Engineer: 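Okay, handing you the structure first.
Every chain is numbered from 1 and lettered A, B, ... according to where its sequence line falls, protein lines coming before strand lines. On a predicted model such as this, the values are computed, not experimentally measured, just so you know.
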Number of protein chains: 2
Amino acid sequence: MPPSSFDQLQKRLSDEYPLLSRRLKEVCDYVTQHPQSVALDTAAVVADKAGVHASTLVRFANYFEFSGFSGMQKLYKQHLLDALQGNYNDRIATLSKSTGQEGDITAMTLLAEFGSANQESLGTLKEQTDPTTLTQAVDLIERAAAIHIGGVRRAFPVTMYFAYTLAHLRRNCHAISGLGLMHEDQLANIRAGELLIAITFAPYADSTQAMIETAHNNGADILLISDDANCPGAARSTIVLPVADAEVRGFRSLTSSMCLAQALCIALGYRQPEARPLDDNRTQH
Amino acid sequence: MPPSSFDQLQKRLSDEYPLLSRRLKEVCDYVTQHPQSVALDTAAVVADKAGVHASTLVRFANYFEFSGFSGMQKLYKQHLLDALQGNYNDRIATLSKSTGQEGDITAMTLLAEFGSANQESLGTLKEQTDPTTLTQAVDLIERAAAIHIGGVRRAFPVTMYFAYTLAHLRRNCHAISGLGLMHEDQLANIRAGELLIAITFAPYADSTQAMIETAHNNGADILLISDDANCPGAARSTIVLPVADAEVRGFRSLTSSMCLAQALCIALGYRQPEARPLDDNRTQH
DNA sequence: GCTTGTTTGGAATATATATTCCACTGTAAA
DNA sequence: TTTACAGTGGAATATATATTCCAAACAAGC
């Protein structure tokens, strides 16, 4: 019996991958990565794009007990339709029923909820961010002799993202990691002409506030990314970029903050074409 | 000359509607309301659904100067692909034109681009994630006596996000930080009953592969989060969660990976109500 | 009501497409 | 080195699909 649903097929594809021959693996790679192509192209075209012969494609379909490529393709077409008209909500319902607890909060419902909430918050990010402020922020990063990045606890992933990306843009940057609780020492030598990127969310960690204080006293610039434009430390900052991350069931996300960080870094990348990290980035781990 | 783009065709469809015969109008109604059907179904099926004969469909296509139904269908297929799989570059061009800053790449246009791309990739995350696999992943985390998190370089922010959140759920977890280049030692004592959450993206860092190898040899479970379900290491993993992050202008985002991490952690939180970290989380910095 | 021109549906045809078959290649075991 | 066998690509075939053609139905004008 061939798989009767796209999900079933996907599962078999990954389970039985190691058992496949070389060409069949190539097909498997292609179809998992380009399901839309399988749905829309003809067998010959799919075969060509996947770098194999058409008959190999049929063998592949037969391996998973389809009558031929066409049979398998039907599943892909159906999946595309479902995805298009947002039928994935049905999948959630089906799952809840199958586990016998309809009102239950499953991992999938949470994923769907978070996905949607994050999509919305990205929408507000686009709407509410002020272009002028954003440009000034990029100016600030561009001019800085050195960039220090301070964001702790929940904000730490954003810190690391900045550190990674700025390093790849060949900028002189230091993430304040808090390693050995030496965060104060890590920032002690900041000076005028340098920049602190501070990332802080309510209830605003004292340590981040201290960093802002230090940077301010030493005459350095400060770019503050925060959930509130008037949070403590905002007055001392050169530029404040407010960002409203989604909250679902009491959990706050980082999506918009990460997206903003991304946009800042890449705008910077486009300002210094000699260091455009396109290839660089592709070879990352 | 037949319309060369979907938009052109749409325009002609509405402009010339009054000139069409009764059946041709019916066809026109159907194709404007069900473009996906035109893209995915065969001529016979489309004709049937539209309530006309197949030859009428061909006449309809001929009316708009296509060689036949197939020619027209190509346009619909292409349109579907563009809309679906983030042909961002096309839409980016339209976006820049509409803002009137064609050649100029400003920080704001980049933010808008990334925002949109990430929104779409969150959509595909919801569509493409298999509910069963996701639930199994949460099971795995729940059962684990200890959780080790390994994801380096670009994946490191995700590692830190896991570490932060799992700690707040009072789980015994260790982020493999690579501090002092002791990453191998950090994982050396993993054992059966424990779990490695590995996060890796093309081109798949050797160090992460080594972690998977170690965990596997020691009989521990492995949850792999990757951009390819068949990437090296997938065969040794207990569960693989594939995630397709957006790519714009050669830069790849982390949004979907972060969102997936979030959903996993919070689903876990709901399984252990005694440790529900709602308040905990709100007091984070 | 008849004629003319247009529209329509069905059968026949043409074409595109998938599938099968077979000979060849490469690989592992004897 | 030889043998056996799974894997592969190309040509031949079968099938599905689209397209054309024609006769019938219909509508408008005479």
Side-chain angles (χ1 to χ4, degrees), chain A residues 1-3 9 12-13 16-31 34-78 80-81, chain B residues 1-3 9 12-13 16-31 34-81 230:
Chain A
M1 278 250 294
L9 175 60
R12 287 199 57 182
L13 249 39
E16 300 174 33
Y17 184 82
L19 306 173
L20 300 174
S21 72
R22 183 176 132 247
R23 287 276 124 123
L24 257 38
K25 277 198 180 104
E26 288 177 35
V27 175
C28 193
D29 289 340
Y30 181 80
V31 300
H34 305 275
Q36 331 87 336
S37 160
V38 180
L40 290 163
D41 290 326
T42 67
V45 173
V46 174
D48 190 51
K49 287 187 184 174
V52 301
H53 196 263
S55 49
T56 308
L57 214 60
V58 177
R59 268 194 291 275
F60 180 82
N62 289 147
Y63 183 93
F64 294 100
E65 292 160 89
F66 292 103
S67 64
F69 173 74
S70 309
M72 187 176 84
Q73 194 183 37
K74 273 186 194 153
L75 237 54
Y76 279 83
K77 286 188 173 179
Q78 189 54 53
L80 200 60
L81 271 176
Chain B
M1 278 254 291
L9 175 60
R12 287 198 58 183
L13 249 40
E16 301 175 32
Y17 184 83
L19 307 173
L20 299 174
S21 72
R22 184 176 132 248
R23 289 275 123 125
L24 257 35
K25 275 190 181 125
E26 287 177 35
V27 175
C28 192
D29 289 339
Y30 181 80
V31 300
H34 305 275
Q36 329 91 325
S37 161
V38 180
L40 290 163
D41 291 325
T42 67
V45 173
V46 174
D48 189 53
K49 287 187 183 172
V52 301
H53 196 263
S55 48
T56 308
L57 215 59
V58 176
R59 265 193 292 275
F60 180 81
N62 289 146
Y63 184 93
F64 294 99
E65 292 160 88
F66 292 103
S67 65
F69 173 74
S70 309
M72 188 176 81
Q73 194 183 37
K74 272 187 195 153
L75 237 54
Y76 279 83
K77 286 187 173 179
Q78 190 54 51
H79 174 70
L80 196 60
L81 268 178
N230 300 313

Engineer: Is S21(B) close enough to dT6(C) that one of its side-chain N or O atoms is under 4.0 Å from OP1 or OP2 there?
Structural biologist: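 Answer no for this pair, as no side-chain N or O of S21(B) is under 4.0 Å from OP1 or OP2.
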
Engineer: For a quick test of your reading: what N or O donor-acceptor pairs under 3.5 Å do the side chains of residues 50-60 of chain B make, sequence neighbours left out?
Structural biologist:
| unit_1 | atom_1 | unit_2 | atom_2 | d |
| --- | --- | --- | --- | --- |
| H53(B) | ND1 | S55(B) | N | 3.2 |
| H53(B) | ND1 | S55(B) | OG | 2.9 |
| T56(B) | OG1 | H53(B) | O | 3.4 |

Engineer: Ignoring hydrogens, what is the shortest heavy-atom contact between G68(B) and A61(B)? Give both atom names and the distance.
Structural biologist: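 Minimum heavy-atom contact is O-CB, 3.4 Å.
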
Engineer: Could you check K74(A) against F66(A) for side-chain contact (heavy atoms from CB on, under 4.5 Å), going step by step and ending with a plain yes or no?
Structural biologist: CA-CA 10 Å; K74(A) 273 186 194 153; F66(A) 292 103; over 6 Å; no

Engineer: For L40(A) and K77(B), which heavy atoms make the closest approach, and how far apart are they?
Structural biologist: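 Where L40(A) meets K77(B) most closely, the heavy atoms are O-NZ, 2.9 Å.
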
Engineer: Could you list by number each residue of residues 22-30 of chain B showing a heavy-atom separation from DNA chain C of less than 4.0 Å, or answer none if no residue does?
Structural biologist: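 Here the set is R22(B), R23(B).
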
Engineer: Write down the protein N/O and nucleotide N/O pairs, taken from nucleotides 23-29 of chain D, whose separation is under 3.5 Å; answer none if there are no such pairs.
Structural biologist:
none

Engineer: Without decimals, in angstroms, what is the distance between F60(B) CZ and dT8(C) P?
Structural biologist: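 It is 12 Å, rounded to the nearest whole Å.
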
Engineer: Who pairs with T42(B) by side chain to side chain contact (heavy atoms under 4.5 Å, CB included), at least two apart in sequence or on another chain?
Structural biologist: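 Partners of T42(B) by the side chain to side chain contact (heavy atoms under 4.5 Å, CB included) criterion, ordered by chain and then number, come out as A44(B), V45(B).
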
Engineer: Who pairs with Y30(A) by side chain to side chain donor-acceptor pair (under 3.5 Å), at least two apart in sequence or on another chain?
Structural biologist: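 Partners of Y30(A) by the side chain to side chain donor-acceptor pair (under 3.5 Å) criterion, ordered by chain and then number, come out as S37(A).
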
Engineer: Take atom CG of L40(B) and atom P of dT17(D), then tell me their distance rounded to the nearest Å.
Structural biologist: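 From L40(B) CG to dT17(D) P: 14 Å.
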
Engineer: When you compare the side chain of L80(A) with that of L80(B), does any pair of heavy atoms fall below 4.5 Å?
Structural biologist: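 Result yes, sub-4.5 Å side-chain heavy-atom pair found.
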
Engineer: Is there a side-chain contact between Q36(B) and H34(B) (heavy atoms, below 4.5 Å)?
Structural biologist: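 Counting from C-beta outward, Q36(B) and H34(B) do come under 4.5 Å.
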
Engineer: Please identify each residue that fulfils side chain to side chain donor-acceptor pair (under 3.5 Å) with D29(B), with sequence neighbours left out.
Structural biologist: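 Side chain to side chain donor-acceptor pair (under 3.5 Å) check on D29(B) returns Y17(B).
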
Engineer: Considering only residues two or more places apart or on different chains, which pairs with a residue in residues 41-55 of chain B satisfy salt bridge (Lys or Arg N to Asp or Glu O under 4.0 Å)?
Structural biologist: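 Applying salt bridge (Lys or Arg N to Asp or Glu O under 4.0 Å) to every pair that reaches into residues 41-55 of chain B, excluding sequence neighbours, yields D41(B)-K49(B).
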
Engineer: Which residue pairs pass the side chain to side chain donor-acceptor pair (under 3.5 Å) test with at least one member in residues 62-73 of chain B, sequence neighbours excluded?
Structural biologist: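 Those involving residues 62-73 of chain B are R12(B)-E65(B).
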
Engineer: Starting at the 5' end of nucleotides 18-25 of chain C, put B wherever the base has a protein heavy atom under 4.0 Å, S where only the sugar-phosphate does, and a dash everywhere else.
Structural biologist: SSB-----

Engineer: What pairs with Y76(A) under ring pair (Phe, Tyr, Trp, His ring centres under 6.0 Å), at least two apart in sequence or on another chain?
Structural biologist: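 Once residues adjacent in sequence are excluded, the partners of Y76(A) under the ring pair (Phe, Tyr, Trp, His ring centres under 6.0 Å) criterion are F6(A).
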
Engineer: What's the angle between the local helix axes at either end of the helix from dG1(C)-dC30(D) to dA30(C)-dT1(D), using five pairs per end and rounding to 10 degrees?
Structural biologist: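 The helix from dG1(C)-dC30(D) to dA30(C)-dT1(D) shows an end-to-end axis angle of 20°.
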
Engineer: Show each protein N/O and nucleotides 27-29 of chain C N/O combination with a separation under 3.5 Å, one pair to a line.
Structural biologist:
none

